[in-house]
Protein chains: 2
Amino acid sequence: MTAAVKCAPRPRERIIDAARDLFRKHGIKGIGVDAIAEAAESNKMTLYRHFGSKDDLVFVCLQEAAAEAEAFWNDIKTTNPDDPKAQLSDWVHRAGDFITIEHCNCELLDAAAQLVESDHPARRFVEELRALYMKRLVELCREAGVADAELLVDALSLLVEGARCNWRSAGPKGAATRFVPIAQMIVADFMHHATSKIVDRLDKAEAESVVKKAAHP
Amino acid sequence: MTAAVKCAPRPRERIIDAARDLFRKHGIKGIGVDAIAEAAESNKMTLYRHFGSKDDLVFVCLQEAAAEAEAFWNDIKTTNPDDPKAQLSDWVHRAGDFITIEHCNCELLDAAAQLVESDHPARRFVEELRALYMKRLVELCREAGVADAELLVDALSLLVEGARCNWRSAGPKGAATRFVPIAQMIVADFMHHATSKIVDRLDKAEAESVVKKAAHP
DNA sequence: TGACAATGTTACCGATCCGTAACATTTACT
DNA sequence: AGTAAATGTTACGGATCGGTAACATTGTCA
């Protein structure tokens, strides 16, 4: 009833769509296979005939999300050919959309993060994906002329992850809605400032802080 | 066995400590009352005699975390009296510590965010706390001379939330370990730049992006 | 010591959830 | 039409979990 609004393809696809939707909304541990089967307008038996277990279903959902992320990335590259700065700006905007738009595979990726300290095979899969995306983004930032690309990507990663979390808990009134201007500002800052200046400023602030802390143990 | 390492006070305190510890590690829905009682070196019956239900226990844990957060804030204010900039810098460092240190009540607060779309009484409690903390931080930023204090607090909120999430999933090798320099840089940026310049730069970037998008529909 | 409160132990109930078995029904293809 | 595969339905098993009942044990204080 929730998912599978389009013209209802085979049950396998309906189940995957419903599962991804419900995993996003309730978390992986927060939804049962019965509810997934019902939302897919199917039943538990066909679900288990296509996917041997709930864990397998989770893994397939993650693979689909990864494929969409791949398309997401390729679309950025082809839409702004040979223009790293435009690609980076495009990435920020699309990431902002992915945060607020309901149908967002990012939420699925971080839902996998709920499987902490379990031997779930999806864990390694998601971590490898994350590393790949960050590596790509670092390269893009470098091409766009960012000196400390790693730190910028770290900042963007934290912002995206925080925005997803904030959106889910605080909704459209939370700070997540200001993700795009914030990310834009940080990107602009990294591009307009020389690395030396940034490092100097950071070192100075760090030194001040250390002194402060030592003065008040 | 996990918690209650200190000299084992009354069962009520041991249970609260164990519950907070396990809620952080496994999430609220990821741990059962039996495991909590065992970790507290107690049993389920005394747990239910002190706390009528698991939800009540969750609520008490959140109240304790809120009390610690209150002390955290007061400590910042008293350690750096009449020095908003130092207070803000101190906040950044302490927030960074809270992310990486195991015993961190922040993780408990966002664990409550796992109770999405449920009528859990802890939801409203946590949301009110979040609003209070953000309001205080906005005031502090304004005292420190930040023009667009709301946007800075939004950025810091997303960074903190993202760093907590990232730390839990990526651990000490993730981007969360770079929270402090990133936050410092953003704070410095907000303090050193006039608002008009920032807005101008954002508007320009926004306009560029819109043109780009329109050119490639 | 005695009495009462706090705590511990065991067993159980009902609900939920993952997964399976057996059988009925529909769909697809020749 | 007819056959086989895919799908749907019902019921069940085993495990876990929140919560309770009954009884045993320990601690506390007069």
Side-chain angles (χ1 to χ4, degrees), chain A residues 1-4 7-23 25-62 111-112 114-122, chain B residues 1-4 7-23 25-62 111-112 114-122:
Chain A
M1 184 183 275
T2 312
C7 57
R10 312 296 298 179
R12 180 186 165 89
E13 278 68 33
R14 296 204 313 265
I15 291 173
I16 293 177
D17 289 346
R20 291 184 59 186
D21 186 46
L22 294 175
F23 285 155
K25 288 180 181 168
H26 304 271
I28 292 179
K29 285 183 299 191
I31 200 72
V33 287
D34 303 83
I36 294 173
E38 186 185 4
E41 298 175 26
S42 181
N43 55 76
K44 196 164 55 171
M45 270 314 300
T46 58
L47 187 153
Y48 274 99
R49 278 192 275 252
H50 283 284
F51 318 93
S53 70
K54 185 184 179 182
D55 283 356
D56 290 1
L57 176 59
V58 169
F59 196 76
V60 172
C61 287
L62 290 180
Q114 301 173 357
L115 309 171
V116 188
E117 70 186 329
S118 65
D119 295 347
H120 203 290
Chain B
M1 185 182 277
T2 309
C7 58
R10 313 298 296 178
R12 178 186 165 89
E13 280 67 33
R14 297 204 313 264
I15 291 173
I16 293 177
D17 288 347
R20 290 183 61 185
D21 186 45
L22 295 175
F23 285 155
K25 288 179 181 169
H26 306 270
I28 292 179
K29 285 183 299 191
I31 200 72
V33 288
D34 302 83
I36 294 173
E38 185 186 4
E41 299 175 24
S42 181
N43 55 76
K44 196 161 57 170
M45 269 316 299
T46 57
L47 187 153
Y48 274 99
R49 277 192 273 254
H50 283 286
F51 317 94
S53 69
K54 184 183 180 182
D55 284 355
D56 290 1
L57 175 59
V58 169
F59 196 75
V60 172
C61 287
L62 290 180
Q114 301 173 357
L115 309 170
V116 188
E117 66 186 335
S118 64
D119 296 347
H120 203 292

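Order of the sequence lines fixes the chain letters, A, B, ..., with proteins taken first and strands second; residue numbering starts at 1 for each chain. Just so it is clear, the structure is predicted and the values come from calculations on it, not from any experiment.
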Would you tabulate the pairs of protein nitrogen or oxygen atoms and nucleotide nitrogen or oxygen atoms of nucleotides 5-14 of chain D closer than 3.5 angstrom?
from	atom 1	to	atom 2	distance (Å)
D/dT7	OP2	A/His50	NE2	2.9
D/dG8	OP2	A/Ser42	OG	2.7
D/dG8	OP2	A/Asn43	ND2	3.2
D/dG8	OP2	A/Thr46	OG1	3.4
D/dG8	O5'	A/Asn43	ND2	3.1
D/dG8	N7	A/Arg49	NH2	2.9
D/dG8	O6	A/Arg49	NH2	3.3

**Gap between atoms NZ and P, on B/Lys54 and D/dT20 respectively (whole Å)** = 15 Å
**Set of residues satisfying salt bridge (charged side-chain N to carboxylate O under 4.0 Å, His left out) with respect to A/Asp56, sequence neighbours excluded** = none
**Asked** D/dT16 P sits how many Å from A/Asp34 CG, rounded?
**Response** 18 Å
**Prompt:** Taking B/Leu22 as the fixed residue, which of B/Ile28, B/Ile36, B/Asp17 is the one that meets the side-chain contact (heavy atoms from CB on, under 4.5 Å) rule?
**Reply:** B/Ile36
**Item:** Spacing of B/Leu62 atom CG and B/Phe23 atom CZ [to the nearest 0.5 Å]
**Value:** 8.5 Å
**B/Glu13 CD to B/Ser42 OG distance, which is reported to the nearest 0.5 Å** = 11.5 Å
**Asked** If you fit an axis to the five pairs at each end of the helix from C/dT1-D/dA30 to C/dT30-D/dA1, how big is the angle between those two axes, to 10 degrees?
**Response** 10°
**Prompt:** Under 4.0 angstrom, heavy atoms only, what part of the nucleic acid is A/Ile36 near: base, sugar-phosphate, or nothing?
**Reply:** nothing
**Request:** Could you check how far CD1 of A/Ile28 sits from C1' of C/dC17, rounded to whole Å?
**Result:** 16 Å
**Message:** Under 4.0 Å, heavy atoms only, any strand: does A/Ile31 hit a base, just the sugar-phosphate, or nothing?
**Reply:** sugar-phosphate
**Request:** Could you list the residues that satisfy ring pair (Phe, Tyr, Trp, His ring centres under 6.0 Å) with B/Phe59, not counting sequence neighbours?
**Result:** B/Phe125
**Prompt:** To the nearest angstrom, how far is B/Tyr48 atom OH from D/dA22 atom P?
**Reply:** 18 Å
**Message:** I need the minimum non-hydrogen distance between B/Leu57 and B/Ala19, along with the two atoms involved.
**Reply:** CD2-CB, 3.8 Å
**Fill in**
Atom CG of A/Leu22 and atom C1' of C/dC17 are separated, to the nearest Å, by 15 Å
**Prompt:** Does A/Arg12 have any side-chain contact (heavy atoms from CB on, under 4.5 Å) partners at least two apart in sequence or in another chain, and if so, which?
**Reply:** A/Ile16, A/His50, A/Phe51, A/Val60
**Fill in**
Whole-Å distance, B/Phe51 CZ to C/dA6 P, equals 14 Å
**Message:** My understanding is that only residues two or more places apart in sequence, or in another chain, count here; which of them pass side-chain contact (heavy atoms from CB on, under 4.5 Å) with B/Asp55?
**Reply:** B/Ser53, B/His120
**Asked** With B/Lys54, which residues qualify under salt bridge (charged side-chain N to carboxylate O under 4.0 Å, His left out), at least two apart?
**Response** none
**Complete:** Rounded to whole Å, the NZ-P distance (A/Lys29 to C/dC18) equals 13 Å
